Every structure is written in C-alpha cells, then in structure tokens.
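Just below is one structure, and these are the notes that go with it.
The model shown is predicted, which means the values in this text are computed figures rather than measured ones.
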Amino acid sequence: MKLPVSRRLGFIAIFLACAAMIAFALYLQYYKFLNPCPLCIFQRVCVLATGLIALLGAIHNPKSDMGGRVYGFLTLVAGATGFGIAARHTYIQYWPPADSASCGAGLNMMLQTQPFLHVLKVVLYGTGECAQIDWTLLGLSLPGWSAIGFVGLMALALWVGFTGRRR
C-alpha cells in the first residue's frame, strides 16, 4: 500500500508532531510551573531525537526505498526508546517502589559527578520526584500520554518509512 502523500510530507508530519509535544512540555514547565523530573527529561530527549531524525529524512528525501526505510527505522528506534522510558515512568507513578521516597540529587549534579551508565540506571529505577503525578487528563498522567504519543509516532514512522512513496 502506498501513502496518499509523499514520504517527505510524512516525515514532516512526524517532525511537527514532535515539535507540538515539546511545545506542550515547555508550556507545562514555564507557564504551569511543572518542573520535569529526570525521566521526563529523558522522554524529551527521545522526542527531540525522533523529530530530528524525521526532519533529516524530510530534508534528505532519499531516492531509494531503502533510504526511506533507514530513516523510518531510525525514527522507529528513537520512538521505541521514548516509549520504553514513558512506560517505565507510568509504571513508577502508578506502582511506585517502596524505597523511592527520596528525590536524591538533580540530574545535572548526577551527570557531572557519576558515570553516565550509573546515572541511567538510577534514573530508570525511579525516584520520589518521578513518582509524583502533577498533571492528569482523563485519568492518565503526562507520561501515559507521552507513551500514547510515542506509539503514534512509531506507527507513523513505520507507515512513512516502509510504505511511503518518494516525491
């Protein structure tokens, strides 16, 4: 099945969806004063990576189907990573570990003083800061909505990258 639009427009749609996700996150941070926890920051990085890969795919607009598949696959991987982090964050919020009461050091401090893999392990384990639910819509927290957004981005990446046509 071929897309009704060009592959370039599909990648631009993914980029714009990522830009909207980041814009909403920044709105919540700077106008609703909801500071992001370390897992939220990791999710933002994945949204940025997904959007930038899609933007590169739109700019490059490879002539071969293989080139489109490569950009689709890379976009899919970035989205899947974000989905995994968002799913873990949602799990921590609704079923927090018993010993996650302390917030610990901030992400910047941990990155400056500890090896990255240790920081990644600590952040993915979750802290008390990550277990707080500050915002909900229809009973689902922000990481839950992020997970849904990542599923949509992954579906678009599959559709655009693997069934799209070049124009």
Side-chain donor-acceptor contacts of residues 15-39 below 3.5 Å, not counting sequence neighbours, with atom names and distances?
residue: Gln29; atom: OE1; partner: Arg44; partner atom: NH1; Å: 2.6
residue: Gln29; atom: OE1; partner: Arg44; partner atom: NH2; Å: 3.3

Please report, to 0.1 Å, the donor-acceptor pairs under 3.5 Å made by any side chain of residues 50-59, with sequence neighbours excluded.
residue: Thr50; atom: OG1; partner: Cys46; partner atom: O; Å: 2.8
residue: Thr50; atom: OG1; partner: Gly79; partner atom: N; Å: 3.4

Got a list of side-chain donor-acceptor pairs under 3.5 Å for residues 138-155, not counting sequence neighbours?
residue: Ser141; atom: OG; partner: Gln93; partner atom: OE1; Å: 2.5
residue: Trp145; atom: NE1; partner: Leu137; partner atom: O; Å: 3.0
residue: Trp145; atom: NE1; partner: Leu140; partner atom: O; Å: 3.2
residue: Ser146; atom: OG; partner: Gln43; partner atom: OE1; Å: 3.4
residue: Ser146; atom: OG; partner: Leu142; partner atom: O; Å: 3.1

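In this structure, Leu76 CG and Ile14 CD1 are separated by 9.5 Å, a value rounded to the nearest 0.5 Å. Rounding to the nearest 0.5 Å places CZ of Arg69 at 10.0 Å from OG1 of Thr163. Atoms CG and OH, from Asn61 and Tyr71 in turn, are 9.5 Å apart once rounded to the nearest 0.5 Å.
Counting heavy atoms from C-beta on, the side chains of Arg7 and Asp65 come closer than 4.5 Å.
At a threshold of 4.5 Å between side-chain heavy atoms, the hydrophobic network of Ile, Leu, Val, Met, Phe, Trp and Tyr places Trp159 and Phe162 in one connected group.
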